Structure formats: C-alpha cells, structure tokens
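Reviewing the structure listed below.
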Amino acid sequence: GEKMRIGIAGYGNLGKGVEYAISQQPDMELVGIFTRRDPSTLHPIGEKVTVYPLADADQYVHDIDVMILCGGSRADLPEQGPALAKLFTTVDSFDTHAKIPDYFAALDEAASAAGTTAVLSVGWDPGLFSVNRLYGESVLADGATYTFWGKGLSQGHSDAVRRIPGVQNAVQYTIPSEDAMAKVRAGEQPELTTSEKHTRECYVVLEADADAAVVEETICTMPDYFADYSTTVNFISEKELQEKHSAMPHGGFVIRSGKTGENTNQVMEYSLKLDSNPEFTSSVLTAYARAAHKLSVSGQHGAKTVFDIAPGLLSPKDPAELRKELL
Ligand SMILES: NC(=O)C1=CN([C@@H]2O[C@H](COP(=O)(O)OP(=O)(O)OC[C@H]3O[C@@H](n4cnc5c(N)ncnc54)[C@H](OP(=O)(O)O)[C@@H]3O)[C@@H](O)[C@H]2O)C=CC1
Ligand SMILES: N[C@@H](C[C@H]1CC(C(=O)O)=NO1)C(=O)O
C-alpha cells in the first residue's frame, strides 16, 4: 500500500538518526527535513532529501502523515510540540520528566482541537524503560523497581548544558553507582536516593568571554537535570571535545524484584547496550511514528504516551501476521 510520509522537525543527533531509521522501514518515505537554520547550510545524509525552513511547515500539512520532532527537550519541544501538534500528527522524545504532565496537557489541548494525534516522551527513558517499569509493577505487585543508566552520554542533559549562555559545546555522562547496583542485583531491595544511584560528569567548551564559575554553578543547580545529583564539570577545548567525546554510547537497565506466593523471589530485568544513544532513540521514535499514524487514521486523537499504545501498532506487520508469531 501507500508509504507513510514522514517529516523530520529539527536536524541534530536525533534528526540524523531518524533519517537513517526511515531508510530501514519498508512502509515509510522521508518527505523532508525542517530546520530553524538556513536550509542551504544543512547537508542531509541522503543527497536527494529536501530541507525546508521550519517556519514553512504549515504549507506541508497535506504532504506529511507524521512529523517526528527532534528538538531539544529543555528549550525547543515545549514550544515546538504544541505548535506542530496543531498541524500534524507528531511523535517526540520529550524527557524533562518533571514537566511531562504539563507538556502532555499542552499537547492534548492542541491535538484534540486540531484532530491530530500527538505521541510524546518516546525513546528509552522515558519510553521503553517506562513501559518495562509498568510491566514490572503491574505483574509483581509486591516488589521494588530500580532504573540505572550508563555509564554513557545523556543527550537530554548534554543539550541542557549546551543551552547555558557562555557554553559553546558540551556533553554529559551519567555514571551509575556500582555499589547501589550490586545491592539491587543481590535482591536487597535497598532504599536509594537519587544521588546514591548516579553521579553526573560534564565536559564543557566555553565561549571566549564566558565565566567558568558561573557556568559551573548554573549546571550544578539546574532543576530537573542536575540539582539532585553530585556533578563534576570539566572545562576542555573544542578540539579535545571533538577528539575524545564524539561517540554517544549509553545504556542501562530496569529491574523489578518482587515476591509471589508465600515468599518466592521473582526478578524481571530489561537492559540496553547502545553504541549510539541517538540512533537507538531515533529508531524508537520511528516505530512509534507508525503507531501514531494508525491511531490518527482510526480517529484516536489527542496526546498519547507509550502507556496508551498497544505494542502491535508499532509493527509493520498486520495483526493476523503478528498472531502467527504468538506461538
Ligand atoms: N526519551 C529518550 O529516551 C531520549 C530523549 N532525547 C531527547 O532528544 C533531544 C534532542 O537530542 P539531540 O538530537 O542530541 O539534540 P541536538 O542538540 O543534536 O539537536 C537539538 C536541536 O538543536 C538544533 N541543532 C542541532 N545541531 C545544531 C548545530 N550544529 N547548530 C545549531 N543548531 C543545531 C536542531 O534544530 P534546528 O535543525 O531547527 O536548528 C536540533 O533539533 C534531547 O534534548 C533529549 O531531551 C534524547 C535521547 C533519548
Ligand atoms: N533521556 C535520556 C535517556 C536516558 C539516559 C538518562 C541519563 O543518563 O540520565 N536518562 O534517561 C537521554 O537524553 O539520553
């Protein structure tokens, strides 16, 4: 049948990853990339891919089935999400956890009024890790859930640091506590505070006239991103950043350890080992774009999270084919 027509809004790590992911989907085609920068300065992976000014997106509402939003959660999506949900069915990876309820409400208002479908906070955390925490807590009612990330590069935190005035470039690594993970794996079900589970390490390239002390303080006290953690900030050159910090590996796992019966131990674990955090996240976004389109054409409008989306909708296979795979 007809291929799904996809747009990409925002061309950074995620935007590039979505371009690759679409080329792997038999049922999708890329209509174009939308950017706030001068389109002529962008060089997509595919030579034939057209780059449009994001400001012109409204001219393409009849050419695009799903717009995949690849902007930064800290400063782009809060404005781009609702604005684009008025025009398109959208999918995004919004990950400022504390702000998800408000963001959901804004998207739901926009998408319900426009008769579109806005799928938010898709990726791995939030996203696939959220679904696995839900499975664990729904199945093992008596138990404890733990999430560990890294050691790896968090794109949300890296983006948040890059947005600080005076920062030219930056990356942030998340480091899990080996001691905390050992206790969890030993089934001790420990009470762990946020700062007992992870520490955060930033590598920052300053602009010429920036004040390092002010930048460091802004990072370490940043609500929702760094305030609850112990964070170290290292100032390096752009050259060193490019040489030593260009790879974006990450990963982690969700564990639910619980009890059933009289006193039976049950442990459920879901883990990721990612050589590229952005390319994996982009692959999740692309699968959920398929689900978003199916929801939209079947009249399921408004905002949806991963909790609202049946797994079968993610697949290019139809339900009858999938049923054969149950065996
Ligand atoms: N839920 C999850 O599991 C995950 C969520 N995320 C989220 O994805 C968000 C985006 O991550 P990521 O793609 O790494 O962010 P980037 O910083 O690479 O891109 C963010 C935006 O910045 C602009 N941009 C990109 N490169 C440049 C450049 N060289 N010069 C100027 N502007 C640029 C682009 O907008 P434009 O083209 O309009 O200029 C782009 O949309 C993160 O903020 C994070 O919140 C990421 C990973 C996992
Ligand atoms: N949203 C995260 C995905 C995972 C990684 C993470 C962290 O390192 O704090 N939290 O969630 C990202 O932007 O990479």
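Predicted, not measured: the structure shown is a model, and the values here were computed from it. Note: hydrogens, waters and symmetry copies are ignored here, and every other heavy atom, side chains too, is used. Remember, it's 1-based here, ligands and their atoms both numbered in the order they're listed.
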> What protein heavy atom is closest to atom 18 (O) of ligand 1, reported as residue, atom name and distance in Å?
Replying inline: Asn13 N, 2.9 Å
>> Show, in sequence, the C-alpha distance, side-chain angles and deciding distance for Ser177 and Asp179, and conclude whether the side chain to side chain donor-acceptor pair (under 3.5 Å) test is met.
In response: CA-CA 5 Å; Ser177 155; Asp179 178 54; 5.0 Å; no
> Just which atoms of ligand 2 are under 4.0 Å from any heavy atom in Asp95?
Replying inline: 1 (N), 2 (C), 12 (C), 13 (O)
>> Can a donor-acceptor pair be found, under 3.5 Å and without considering hydrogens, that links the side chain of Thr117 to the backbone of Gln300?
In response: yes
> Should Ser154 and Thr174 count as side-chain neighbours, where that means a heavy-atom distance under 4.5 Å?
Replying inline: yes
>> I'd like to check Tyr173 versus His245 (side-chain heavy atoms, cut-off strictly below 4.5 Å). Are they in contact?
In response: yes
> Near Gly156, which atoms of ligand 2 are under 4.0 Å from a heavy atom of that residue?
Replying inline: 12 (C), 13 (O)
> Hey, which atoms in ligand 1 end up nearer than 4.0 Å to a heavy atom of Trp124?
Replying inline: 2 (C), 3 (O), 48 (C)
> How close do Met268 and Gly136 get, heavy atom to heavy atom, and via which atoms?
Replying inline: CE-N, 3.6 Å
> Which ligand 1 atoms, with their elements, are less than 4.0 angstrom from a heavy-atom of Gly123?
Replying inline: 1 (N), 2 (C), 3 (O)
> Is the shortest heavy-atom distance from the side chain of Leu107 to the side chain of Pro82 under 4.5 Å?
Replying inline: yes
>> Distance under 4.0 Å to a non-hydrogen atom of His157: what atoms of ligand 2 satisfy this?
In response: 9 (O)
> Which ligand 1 atoms does Asp76 reach within 4.0 Å, using its non-hydrogen atoms?
Replying inline: 21 (C)
> Can you tell me which residue and heavy atom of the protein come closest to atom 16 (P) of ligand 1, and the distance to 0.1 Å?
Replying inline: Arg162 NH2, 3.8 Å
>> Taking a cutoff of less than 4.0 Å between a non-hydrogen atom of the residue and any ligand atom, is Gly71 in contact with ligand 1?
In response: yes
> Out of curiosity, is Asp125 lining ligand 1, as in a heavy atom under 4.0 Å away?
Replying inline: yes
>> Test side chain to side chain donor-acceptor pair (under 3.5 Å) on Tyr11 and Glu19; report intermediate values, then the result.
In response: CA-CA 9 Å; Tyr11 198 63; Glu19 191 182 352; 2.5 Å; yes
>> Show me which atoms of ligand 2 lie under 4.0 Å from any heavy atom of Ser154.
In response: 7 (C), 8 (O), 12 (C), 13 (O), 14 (O)
> What is the minimum heavy-atom distance between Val204 and Ile219, and which atoms define it?
Replying inline: CG2-CD1, 3.9 Å
> Does ligand 1 have any atom sitting under 4.0 Å from a heavy atom of Met248?
Replying inline: no
>> Check this for me: Lys294, atom NZ, are more than 12 non-hydrogen atoms of other residues, nucleotides or ligands nearer than 6.0 Å?
In response: yes
> Short N/O distance, under 3.5 Å, between Asn277 and ligand 1?
Replying inline: no
>> Out of all atoms in ligand 2, which are within 4.0 Å of some heavy atom of Gln155? Include the element for each.
In response: 12 (C), 13 (O), 14 (O)
> How about Phe34 and Tyr60: are their ring centroids closer than 6.0 Å?
Replying inline: yes
> How does Phe129 reach ligand 2, if at all, at less than 4.0 Å between non-hydrogen atoms: by side chain, backbone, both, or neither?
Replying inline: neither
>> Apply side chain to side chain donor-acceptor pair (under 3.5 Å) to residues Ser283 and Tyr20 and explain how you reach the verdict.
In response: CA-CA 9 Å; Ser283 296; Tyr20 278 120; over 6 Å; no
> So is there a nitrogen or oxygen of Leu14 less than 3.5 Å from a nitrogen or oxygen in ligand 1?
Replying inline: yes
> For ligand 1, does Asp159 get within less than 4.0 Å through its side chain, its backbone, both, or neither, judged by non-hydrogen atoms?
Replying inline: side chain
>> What protein heavy atom lies closest to atom 9 (O) of ligand 2? Include the residue and the distance to one decimal.
In response: Arg200 NH2, 2.9 Å
> Under 3.5 Å, N or O to N or O, is Ser73 touching ligand 1 that way?
Replying inline: yes
> Of all the non-hydrogen atoms in the protein, which one sits nearest to atom 8 (O) of ligand 2, and at what distance?
Replying inline: Thr174 OG1, 2.5 Å
>> Taking Asp228 first and then Lys197, would you say they form a salt bridge - that is, a charged N and a carboxylate O separated by under 4.0 Å?
In response: no
>> Counting non-hydrogen protein atoms only, what is the nearest one to atom 44 (C) of ligand 1? Give residue, atom name and distance.
In response: Asp95 OD2, 3.3 Å
>> Any nitrogen or oxygen of Asn277, side chain or backbone, less than 3.5 Å from one on ligand 2?
In response: yes
>> Which option wins on minimum heavy-atom distance to atom 48 (C) of ligand 1: Thr281, Val51, Val122?
In response: Thr281
> After noting the C-alpha distance and the side-chain angles of Ser73 and Asp95, does the key distance pass the side chain to side chain donor-acceptor pair (under 3.5 Å) rule?
Replying inline: CA-CA 6 Å; Ser73 294; Asp95 67 357; 3.0 Å; yes
>> What protein heavy atom lies closest to atom 5 (C) of ligand 2? Include the residue and the distance to one decimal.
In response: His250 NE2, 3.5 Å
>> Show the atoms of ligand 1 that are less than 4.0 angstrom away from any heavy atom in Gly72.
In response: 9 (C), 20 (C), 43 (O)
> Any Lys/Arg nitrogen of Glu137 or Arg133 sitting under 4.0 Å from an Asp/Glu carboxylate oxygen of the other?
Replying inline: no
>> If you count heavy atoms of other groups shown closer than 6.0 angstrom to CG of Asp308, is the number above 12?
In response: yes
> In the protein, which heavy atom is nearest to atom 11 (O) of ligand 2, and how far is it?
Replying inline: Asp125 O, 3.1 Å
> Which residue supplies the protein heavy atom nearest to atom 10 (N) of ligand 2, what is that atom called, and how far is it?
Replying inline: Trp149 CE2, 3.5 Å
> Which atoms of ligand 1 sit under 4.0 Å from any heavy atom of Thr35?
Replying inline: 36 (P), 37 (O), 38 (O), 39 (O)
>> For atom 12 (P) of ligand 1, which of the options Arg37, Arg36, Gln155 provides the nearest non-hydrogen atom?
In response: Gln155
> Got more than 12 heavy atoms from elsewhere within 6.0 Å of CD, Glu109?
Replying inline: no
> Pick from Phe148, Trp149, Tyr146: which one makes a ring pair (Phe, Tyr, Trp, His ring centres under 6.0 Å) with Phe253?
Replying inline: Phe148
> Just going by heavy-atom distances, which of Ser121, Cys70, Ser93 is nearest to atom 5 (C) of ligand 1?
Replying inline: Ser93
> In this structure, which one of Lys3, Arg290, Arg5 forms a salt bridge (charged side-chain N to carboxylate O under 4.0 Å, His left out) with Asp65?
Replying inline: Arg5
>> Less than 4.0 Å is my threshold; does some heavy atom of Pro126 fall inside it relative to ligand 1?
In response: yes
>> Need the ligand 1 atom indices (1-based, order shown) with element for anything under 4.0 Å from a heavy-atom of Gly12.
In response: 13 (O), 18 (O), 19 (O), 25 (C), 40 (C)
